[in-house]
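Notes to accompany the following structure.
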Amino acid sequence: MSHEAVRVEGLSKIFDPDVRALTDVDLTVEEGEFLVVIGLSGSGKSTLLRCINRLIDPTEGRIWLFGEEMTGAEGARLRRLRTQIGMIFQQFNLVKRHTVQTNVLSGSLGRSSLLGTLLLRYSEEEQAQARAALERVGLGGRGRSRADRLSGGQQQRVAVARALMQEPRLILADEPVASLDPALRHSVMRHIEALNREEGMTVVCTLHDVDLIQRYATRLVALRDGRLVYEGRPDEFDADTFRDIYGTDAEPATSQLFGTDGEEATA
Amino acid sequence: MNGGLGRLKALVVDWTLTALFLLMIEFLVISFSGRRGPTGLLVTPEETLDLLHYGWIALGALVLTLGWQLVKSPVGMSTGWAAVYGDDSEESMPWTHTVRGWFAALLIELTFLTGWLITEVQLVTFLTQFNKATDIVRGLVNPSADVLHQGLVLLVQTVFLAFMATAFAIPIAFALSFFAARNLTRGTWLSRLMYTIVRAAMNITRSVEPLVWALIFISWVGIGPFAGVLALWVHSVAALVKLYSEQIESIDHGPVEAITATGASTLQVLRYGVVPQVIPPFLSFTIYRWDINVRMSTIIGFVGGGGIGYILKPRVDLGQWGEVGTLVILIAITVWAMDIISAKIRERIV
């Protein structure tokens with residue numbers, strides 16, 4: 001029997017003065033899913049993700065996280081709920097001047113003692129856990145480097161390790177590979193997939209590339225102008241649905257998955 | 001509500017500019033009319049200022065401003081409108097093609113002309129009467145060795161005075177700057193209130209000259225370098241809060257989001273998301289401030305706040321230009337050295 005990781009009901013977000021980012025979105029994410037959200041930039045994907053962990057406050061609607069209401073939570077309760085949600089960003093958002101190790105350790109801020117964290121002091125157990133997390137993303141031994149010395153792909157893997165350190169039950173990944181060289185995208189996506197498959201974390205991820213969607217998603221939803229316009233399985237997702245969502249001017253990023261052109265390309 | 005407020009703002013800007021425009025025209029007309037004042041001489045600029053018809057002009061400006069709104073379609077957007085709303089029309093034109101462009105250009109010309117008269121610029125005197133100042137210049141280039149020793153001692157005091165003022169200012173400015181940063185104080189009404197209070201207090205503190213602070217502290221703690229330290233300290237706090245908080249406002253918001261998302265508390269978000277980003281620029285500003293304080297402390301000494309200015313003032317008053325020359329050269333060398341050192345250090349930090 002599956003449980004709901006996230007339930008979103010009637011979610012709307014209006015940025016002042018009157019920019020409608022989301023309109024009446026209903027969405028349920030089952031535990032263990034790898035849900036991919038697609039849509040043009042400006043369609044509301046990032047806003048949807050940030051409403052779930054309340055980096056942005058919704059204008060209307062309610063959100064539940066593992067059965068507990070996220071909307072309306074404040075102070076310590078909001079922080080406790082947030083500890084259950086790891087987030088991965090397009091721009092990595094590491095603390096550039098801190099070491100890789102400290103960046104990974106910052107994943108545990110929600111549960112560590114205030115004074116210790118303010119002095120950047122962590123217990124030996126936490127240090128070991130952070131080293132193990134780095135090991136898992138293939139960056140063992142890089143802990144002492146300053147974060148901004150690493151390449152983009154490596155920085156994003158540090159961000160994955162930070163999420164791993166946090167031990168959340170849900171991962172929100174906002175275009176995690178959009179700033180990376182196409183050749184490096186799988187190297188990061190593989191680790192996010194591992195969080196899903198091996199750690200049992202539910203993943204909500206925004207993506208653009210059709211091949212990545214088909215490779216990683218277990219389910220797919222699409223936003224257009226802030227409304228949920230499509231829901232389906234990745235194998236049902238074809239060129240027509242793509243144009244439906246992205247508009248007739250758009251071309252799938254990897255055309256070989258659709259129609260005859262692609263077959264020639266793969267041949 | 002928002003639209004109404006914006007329109008009001010635009011109207012006030014237009015009204016003010018038009019009134020200034022008309023006032024300066026009247027000022028120039030009176031100045032060049034050959035009108036004589038109560039003494040029988042030509043009216044002075046100050047007397048002219050008293051003759052202007054402020055009430056009538058304000059009324060006329062209001063009429064013109066409202067009139068502009070009526071003829072908007074052929075004449076184009078007014079200056080205040082463009083200032084408040086920006087010109088986002090599809091065909092944004094070069095300034096020479098718009099009425100408001102010419103209006104602004106003329107306004108600047110008028111300001112320059114009026115300024116010339118009000119400040120009584122006398123180019124001919126400036127260019128021909130140099131000989132009256134030769135005594136001073138001769139003294140400055142022939143420094144006297146009499147005050148060299150005392151000057152050097154007080155120079156050391158000056159540099160330390162500036163250093164102590166800066167050092168005392170750092171912790172207070174650091175703490176206050178977080179409350180003075182717009183991006184960190186949007187959350188609750190309490191933080192918005194703190195923002196307003198800190199900003200206002202710092203603006204007031206900063207607008208009071210260090211010289212005035214020195215006078216206050218001299219009566220408080222007595223004549224001497226400590227009064228100077230306190231005067232520069234107060235001013236430095238205000239200046240550093242402004243610089244620090246602007247730096248905080250320009251940070252990359254990404255790490256703040258990332259740390260917030262882990263469930264971290266406000267202090268943790270500041271420690272991890274904000275502080276690492278602002279430390280290098282803060283250091284740089286602080287060193288720069290020390291540099292400025294060295295320069296300012298010479299003036300502080302004029303009124304009794306310690307430092308080299310303390311012995312400079314009486315020699316200026318007595319016209320001992322040779323000794324003044326010595327002290328000025330000492331100050332110049334110090335300021336120059338501080339400037340180079342602080343630039344080098346700041347280069348390395350950022």
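Chain naming here is simple, since letters A, B, ... match the order of the sequence lines and numbering starts at 1 in each. Below, all heavy atoms of this structure are taken into account, side chains as well, without hydrogens, waters or symmetry copies.
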Side chain, backbone, both or neither: which part of [X] has a non-hydrogen atom closer than 4.5 Å to chain B?
| X | value |
| --- | --- |
| R162(A) | side chain |
| I88(A) | neither |
| Q91(A) | neither |
| R50(A) | side chain |
| S108(A) | neither |

Which atom of [X] lies closest to which atom of [Y], heavy atoms considered:
| X | Y | answer |
| --- | --- | --- |
| P276(B) | R97(A) | O-CD, 3.0 Å |
| Y272(B) | V95(A) | O-CG2, 3.2 Å |
| Q268(B) | L114(A) | CG-CD1, 3.7 Å |
| L118(A) | L267(B) | CD2-O, 3.7 Å |

message: To the nearest 0.5 Å, what is the distance between CG on D252(B) and CG on N93(A)?
response: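 That separation rounds to 6.0 Å.
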
query: How long is the span from the OG1 atom in T260(B) to the CG atom in L109(A), to the nearest 0.5 Å?
result: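 T260(B) OG1 to L109(A) CG: 10.0 Å, rounded to 0.5 Å.
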
query: Is it the case that more than 12 heavy atoms not belonging to W68(B) sit under 6.0 Å from its CH2 atom?
result: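 It does: W68(B) CH2 has more than 12 such atoms within range.
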
